[in-house]
Trainee: 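Sharing a structure below in structure tokens format, with a few things to ask.
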There are 2 protein chains.
Amino acid sequence: MTSFLGTELAQRGVAPDCVQTIELVRDVLARVGDKWTLLTITVLASGPLRFTALHEQVAGISQRMLSQTLRALTRDGLVTRTAYPEVPPRVEYALTPLGRSLSAAVDGLVHWVRSHQSDIVRNRDEFDRAPGANTATLPRL
Amino acid sequence: MTSFLGTELAQRGVAPDCVQTIELVRDVLARVGDKWTLLTITVLASGPLRFTALHEQVAGISQRMLSQTLRALTRDGLVTRTAYPEVPPRVEYALTPLGRSLSAAVDGLVHWVRSHQSDIVRNRDEFDRAPGANTATLPRL
DNA sequence: CCGCATCCGCCTAGATACTG
DNA sequence: CAGTATCTAGGCGGATGCGG
């Protein structure tokens with residue numbers, strides 16, 4: 001048990017393995033949901049790519065963030081990093097089977113969003129048009 | 001089209017509605033994946049709760065973050081906020097039908113994590129035990 | 001030349017303290 | 001009880017350096 005959340009849940013009598021699952025779920029969702037991971041996985045879903053190609057395809061990403069994202073994904077075993085000792089150097093990134101299965105799972109959410117995007121957009125419009133409309137104090141994403 | 005990403009994708013000839021979907025998907029995933037949203041939705045899935053009850057059940061969350069998270073979810077039409085003009089004030093939060101359907105979609109990812117958590121943990125251990133092990137430069141989550 | 005790691009600076013997320 | 005104002009640590013982008 002590592003986190004405050006974990007101890008809290010444990011004190012409330014939640015089963016340990018369930019607690020572990022909840023932590024890991026949040027952890028993995030945080031990874032998937034962060035600013036660049038989803039796009040990177042999506043781009044890699046169409047095939048292996050080298051660093052520079054990814055840097056172009058993921059559009060607004062900085063080299064630093066691409067590097068970090070790829071290392072995190074590699075650490076989780078979702079992506080493989082293959083360096084070819086050539087001149088000039090070439091490094092290829094590809095989804096592992098695990099990465100592809102995650103990509104498939106994410107597709108579920110993607111489809112949910114596709115199905116309900118109009119609802120969400122409408123709800124946001126409606127909310128923002130309301131009297132108070134505290135959009136200023138909303139999280140930035 | 002609002003974002004840099006959007007214009008980039010558009011310049012690369014990606015269909016506009018597809019671009020919009022990609023943006024919104026990332027947007028919603030960022031919301032679901034952020035530090036507190038998933039837990040909040042999960043807790044609310046078992047029934048309506050008032051602010052303080054949520055503050056206790058979500059464990060480590062601060063009032064400010066709970067406030068922001070709930071407002072964002074309300075804006076997206078995933079949660080309803082009902083204020084009863086009493087003394088002392090009482091505010092109840094509940095999942096909307098849309099929120100419940102999202103909750104169901106998220107369950108897909110949760111199940112993926114459950115199925116593969118051992119793989120991920122093992123991969124991380126293995127990675128961290130490797131020679132270089134640049135865990136220092138990983139994103140914090 | 002390509003793939004990074006490092007340093008620097010802004011700016012936002014998040015914890016702490018306060019108000020209607 | 002249900003939030004908002006204040007402060008700080010750290011995420012993130014840009015520039016630079018360097019090994020291969």
Side-chain angles (χ1 to χ4, degrees), chain A residues 3-5 8 26 30-31 33-40 48-75 79-94 132-141, chain B residues 3-5 8 26-27 30-31 33-40 48-75 79-94 131-141:
Chain A
S3 78
F4 174 69
L5 168 65
E8 281 291 324
R26 191 171 81 177
R31 166 129 331 291
D34 86 359
K35 197 169 182 180
W36 300 113
T37 302
L38 172 70
L39 281 175
T40 305
L49 285 173
R50 41 194 306 192
F51 189 87
T52 306
L54 273 169
H55 188 179
E56 290 164 359
Q57 295 222 18
V58 182
I61 199 170
S62 65
Q63 285 187 340
R64 178 204 159 118
M65 282 298 106
L66 181 57
S67 212
Q68 279 185 213
T69 304
L70 288 170
R71 193 167 336 115
L73 290 174
T74 304
R75 182 169 109 103
V79 160
T80 57
R81 190 199 115 108
T82 317
Y84 299 92
E86 309 171 351
V87 171
R90 184 165 62 95
V91 179
E92 275 208 344
Y93 293 91
N134 292 350
T135 44
T137 53
L138 281 171
R140 284 280 175 267
L141 298 184
Chain B
S3 78
F4 173 69
L5 168 65
E8 280 291 325
R26 191 171 81 177
D27 188 86
R31 166 130 331 292
D34 86 359
K35 196 171 182 179
W36 300 113
T37 302
L38 172 70
L39 282 175
T40 305
L49 285 173
R50 42 196 304 193
F51 189 88
T52 306
L54 273 169
H55 188 164
E56 291 164 359
Q57 295 222 17
V58 182
I61 198 171
S62 66
Q63 288 186 335
R64 178 201 155 118
M65 280 300 110
L66 181 56
S67 208
Q68 278 186 212
T69 304
L70 287 171
R71 194 168 334 124
L73 290 173
T74 303
R75 183 169 107 103
V79 160
T80 56
R81 189 199 118 110
T82 318
Y84 299 92
E86 307 172 352
V87 171
R90 185 164 64 94
V91 180
E92 276 208 343
Y93 292 91
N134 292 349
T135 45
T137 52
L138 281 171
R140 285 279 175 266
L141 299 185

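The figures that follow rest on heavy atoms only: side chains count, while hydrogens, waters and symmetry mates do not.
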Trainee: Please report the distance, rounded to the nearest Å, between CG in Leu54(B) and C1' in dC1(D).
Mentor: 13 Å
Trainee: For residues Asp34(A) and Thr37(A), report the shortest heavy-atom separation together with the two atoms involved.
Mentor: OD1-OG1, 2.7 Å
Trainee: Return the minimal non-hydrogen interatomic distance between Pro48(B) and Glu92(B), and the atom names on each side.
Mentor: CB-OE1, 4.0 Å
Trainee: Please check the phosphate of dA2(D) (OP1 and OP2 only) for any side-chain N or O of Thr52(B) closer than 4.0 Å.
Mentor: yes
Trainee: Enumerate all atom pairs, one protein N or O and one N or O from nucleotides 13-19 of chain D, separated by less than 3.5 Å.
Mentor:
{"residue": "dG13(D)", "atom": "OP1", "partner": "Trp36(A)", "partner atom": "NE1", "Å": "3.2"}
{"residue": "dG13(D)", "atom": "OP2", "partner": "Ser62(A)", "partner atom": "OG", "Å": "3.3"}
{"residue": "dG13(D)", "atom": "O6", "partner": "Arg64(A)", "partner atom": "NH1", "Å": "2.9"}

Trainee: Mind calculating the distance between NE2 (His55(B)) and P (dA17(C)) to the nearest angstrom?
Mentor: 13 Å
Trainee: Check whether any side-chain nitrogen or oxygen of Arg50(B) sits under 4.0 Å from OP1 or OP2 of dG3(D), and answer yes or no.
Mentor: no
Trainee: Quick one: closest heavy-atom pair of Phe51(A) and Leu66(A), and the distance?
Mentor: O-CD2, 3.7 Å
Trainee: Between atom CZ in Arg81(B) and atom P in dC1(D), what is the gap in whole Å?
Mentor: 16 Å
Trainee: A side-chain contact here means heavy atoms from C-beta on lying under 4.5 Å apart; do Thr40(B) and Val79(B) qualify?
Mentor: no
Trainee: Is any side-chain heavy atom of Gln68(A) closer than 4.5 Å to a side-chain heavy atom of Arg64(A)?
Mentor: yes
Trainee: Are any of the side-chain heavy atoms of Arg31(A) and Leu73(A) separated by less than 4.5 Å?
Mentor: yes
Trainee: Tell me the interatomic distance from Arg71(B), atom CZ, to dG14(C), atom C1', rounded to whole angstroms.
Mentor: 15 Å
Trainee: Roughly how many Å is it from CG in Leu49(B) to P in dA2(D), rounded to a whole number?
Mentor: 11 Å
Trainee: Give Tyr84(B) one of three labels, base, sugar-phosphate or nothing, depending on what nucleic acid heavy atoms sit under 4.0 Å from its own.
Mentor: nothing
Trainee: If I compare all heavy atoms of Ile61(B) with all of His55(B), which pair ends up nearest, and what's the gap?
Mentor: O-NE2, 3.3 Å
Trainee: Could you state the atom-to-atom distance from CG of Leu66(B) to P of dA15(C) in whole Å?
Mentor: 12 Å
Trainee: Could you tell me how far apart Phe51(A) (CZ) and dC2(C) (C1') are, to the nearest whole angstrom?
Mentor: 9 Å
Trainee: Nearest whole angstrom, please: distance from the C1' of dC2(C) to the OH of Tyr93(A).
Mentor: 11 Å
